[in-house]
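Beneath this line is the structure, given in structure tokens, with notes to follow.
This chain uses plain numbering: 1 for the first residue, then up along the sequence.
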Amino acid sequence: MTFCNDCAVNGIEGWKMDLNAMTCSYFDKNGKEVLVEQVPA
């Protein structure tokens with residue numbers, strides 16, 4: 001729950017996991033991609 005609250009406080013509305021590329025993309029309220037990070041394998 002802390003992670004979700006911290007995301008919201010910092011303007012992140014949601015995220016999308018791509019398990020084929022092993023990435024997690026974070027989006028702001030306008031749908032703009034803010035950060036893409038590699039998921040550890």
Side-chain heavy atoms under 4.5 Å apart, restricted to Ile/Leu/Val/Met/Phe/Trp/Tyr: what other residues fall into the cluster of Met1, or is it alone?
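Joined to Met1, directly or through intermediates: none.
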Under 4.5 Å side-chain linkage, directly or through intermediates, the cluster mates of Phe27:
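Phe27 shares its hydrophobic cluster with no other residue.
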Going by side chain to side chain contact (heavy atoms under 4.5 Å, CB included), name the residues that satisfy it together with Glu37, two or more places apart in sequence or in a different chain.
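Result, side chain to side chain contact (heavy atoms under 4.5 Å, CB included) vs Glu37: Cys24, Tyr26, Leu35.
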Check side chain to side chain contact (heavy atoms under 4.5 Å, CB included) between Ala21 and all other residues, then give those that pass, not counting sequence neighbours.
Asp18, Thr23
Expected output: side-chain Glu13 to main-chain Gly31 donor-acceptor under 3.5 Å:
no
Closest non-hydrogen atom pair between Leu19 and Met22, with its separation
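Smallest heavy-atom distance, with atoms named: O-SD, 3.3 Å.
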Same cluster for Ile12 and Phe3 if Ile/Leu/Val/Met/Phe/Trp/Tyr side chains link at under 4.5 Å?
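In one cluster: yes.
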Given the rule in the side-chain contact (heavy atoms from CB on, under 4.5 Å) test, do Met17 and Val39 qualify, once you have shown the distances and angles that lead to the verdict?
CA-CA 9 Å; Met17 298 291 298; Val39 176; 3.6 Å; yes
